[in-house]
Amino acid sequence: MVWAGVQGLLHYTPENKTWRQALMQARYVILRVLMEVGIVTVMHTTCKNDGKADALITLDGSLIETKGQKVIGDFLCKLQVYKSHGDCETARVIWQKYATVGSDIQPDMLKLRQNVILRRQPGKLFVQDNTINKSEKINLVSYPAPHSGMIDSFADRFRDDDICELLKTVNIQQATYHPDSSS
C-alpha cells in the first residue's frame, strides 16, 4: 500500500491540484498518515546505477500490526464519525490535509512525483504462448511482448479461422473502443 501511495502520484495533476483516480488518492493518504507517525519515511536520493533522481522508501515493518493498524483505524474512524454526524466539511478538511501534494511537505512531494514519472515503466502486456503439434512433437512458441507479438499469438492460435486475416489487418494505433456504438 505504501508503494502504491507513491506510485499514485502519477494520477495527480499539479496544474489544477486534482486527483484523477480516487483510489490512488486514498493510497496516497494512507502513505501520508503512516509518514506522519514515523512508520514510513521517504527520502530523495540518486540511483547509483544510472545517476538519475530516485526515492528511498523505508518502512518499519515491526510497527505495522501495532502502531500502524491503530493509526490507520483511528484515522478512518474519525472520518466516519464526522460523515455519520453530517459534518462533511470537517471530514473534507482532514482528508485534504493528507491528500495535498506540495513542495512544502517533507519530502517535497512534487519532486517525488517527478521522480515517479521519470521511473515509470510501460504497462505490462500479457502475450500468451502457443503449443504447436508438428509430426507428433509438441513445440512451444513464444512471442515478443509488443502488440505485434500479441497479434501473432492470436493469429497462430486461430490460424484456421477467418479471424486470422482480421488480426493481421488491424492497425493498433487506429483501433478505438466506442462503448455506445452498436457495432
Side-chain angles (χ1 to χ4, degrees), residues 1-80 82-83 88-128 142-151 172-177 179:
M1 188 62 74
V2 169
W3 174 251
V6 172
Q7 291 298 308
L9 288 167
L10 287 170
H11 302 280
Y12 177 76
T13 307
E15 294 79 27
N16 55 10
K17 299 181 180 184
T18 58
W19 287 87
R20 294 186 304 274
Q21 288 189 9
L23 181 61
M24 293 302 176
Q25 181 185 25
R27 289 172 173 169
Y28 176 76
V29 166
I30 290 171
L31 166 70
R32 289 281 313 279
V33 170
L34 292 174
M35 286 173 61
E36 183 178 74
V37 296
I39 295 174
V40 173
T41 58
V42 180
M43 296 181 348
H44 296 287
T45 185
T46 303
C47 180
K48 293 176 185 176
N49 294 338
D50 59 12
K52 294 181 181 177
D54 211 342
L56 175 64
I57 303 166
T58 308
L59 168 78
D60 187 346
S62 66
L63 297 176
I64 292 294
E65 290 184 12
T66 54
K67 189 177 180 182
Q69 215 170 33
K70 178 168 178 17
V71 167
I72 295 297
D74 290 349
F75 174 74
L76 295 175
C77 185
K78 187 188 309 183
L79 283 178
Q80 185 60 44
Y82 286 125
K83 285 174 52 180
C88 293
E89 189 55 38
T90 303
R92 188 175 294 112
V93 168
I94 292 170
W95 182 264
Q96 280 306 119
K97 173 188 172 191
Y98 292 100
T100 300
V101 177
S103 301
D104 55 337
I105 300 163
Q106 290 303 317
D108 181 341
M109 290 299 180
L110 289 174
K111 184 177 174 186
L112 181 61
R113 179 180 178 275
Q114 290 302 318
N115 292 352
V116 171
I117 290 170
L118 177 72
R119 297 286 179 187
R120 185 176 186 181
Q121 298 286 320
K124 304 295 183 214
L125 185 63
F126 177 70
V127 180
Q128 188 166 341
S142 297
Y143 303 90
H147 294 99
S148 61
M150 182 174 279
I151 292 172
I172 297 298
Q173 271 68 34
Q174 293 179 359
T176 57
Y177 170 68

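Side chains are part of it too, since the values below use all heavy atoms of this structure and drop only hydrogens, waters and symmetry mates. Just so we're clear, the structure is a prediction, and the values are computed from it rather than from any experiment. For this chain, numbers begin at 1 and follow the sequence in order.
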Contacts of Trp95 meeting ring-ring contact (aromatic ring centres under 6.0 Å, His included) (sequence neighbours excluded), chain-then-number -> none
Residues at least two apart in sequence or cross-chain that pass ring-ring contact (aromatic ring centres under 6.0 Å, His included) with Tyr82, listed by chain then number, are none
Non-neighbouring partners of [X] that pass side chain to side chain donor-acceptor pair (under 3.5 Å), sequence neighbours left out:
{"X": "Thr46", "answer": "none"}
{"X": "Glu36", "answer": "Lys97, Tyr98"}
{"X": "Asp104", "answer": "none"}

Holding to side-chain contact (heavy atoms from CB on, under 4.5 Å), I want the full list of residues that pass it with [X], two or more places apart in sequence or in another chain.
{"X": "Ile72", "result": "Ile30, Val33, Leu34, Leu76"}
{"X": "Gln96", "result": "Gln25, Arg92, Ala99"}
{"X": "Pro14", "result": "Tyr12, Leu110, Arg113"}

Quick note, side-chain hydrogen bond (donor to acceptor under 3.5 Å, both in side chains) partners involving residues 47-56, not counting sequence neighbours, are Asp50-Arg119
So the side-chain hydrogen bond (donor to acceptor under 3.5 Å, both in side chains) pairs with at least one residue in residues 66-79 (sequence neighbours excluded) are Lys70-Asp74
Can you measure from [atom1] ([X]) to [atom2] ([Y]) and round to the nearest 0.5 angstrom?
{"X": "Arg27", "Y": "His11", "atom1": "CZ", "atom2": "NE2", "answer": "8.5 Å"}
{"X": "Leu112", "Y": "Leu31", "atom1": "CG", "atom2": "CG", "answer": "8.0 Å"}
{"X": "Thr90", "Y": "Leu79", "atom1": "OG1", "atom2": "CG", "answer": "10.5 Å"}
{"X": "Leu10", "Y": "Arg120", "atom1": "CG", "atom2": "CZ", "answer": "5.0 Å"}

Please tabulate, for the side chains in residues 37-45, all donor-acceptor contacts under 3.5 angstrom to protein atoms that are two or more places apart in sequence or on a different chain.
from: His44; atom 1: ND1; to: Asn115; atom 2: ND2; distance (Å): 3.4
from: His44; atom 1: NE2; to: Asp108; atom 2: O; distance (Å): 3.1

Here the pair of heavy atoms bringing Ala91 nearest to Lys83 is CB-CG, 4.2 Å
Between Val101 and Trp19 the two heavy atoms that sit nearest each other are CG2-CZ2, 3.5 Å
Report all side-chain donor-acceptor pairs from residues 55-64 shorter than 3.5 Å, counting only partners two or more places apart or in another chain.
from: Asp60; atom 1: OD1; to: Ser62; atom 2: N; distance (Å): 3.2
from: Asp60; atom 1: OD1; to: Ser62; atom 2: OG; distance (Å): 2.6

inquiry  = Can you confirm whether Gln7 sits close enough to Val116 that some side-chain heavy atom of one is under 4.5 Å from a side-chain heavy atom of the other?
reply    = yes
- prompt: Going by heavy atoms in the side chains, are Arg20 and Thr13 under 4.5 Å from each other?
  reply: yes
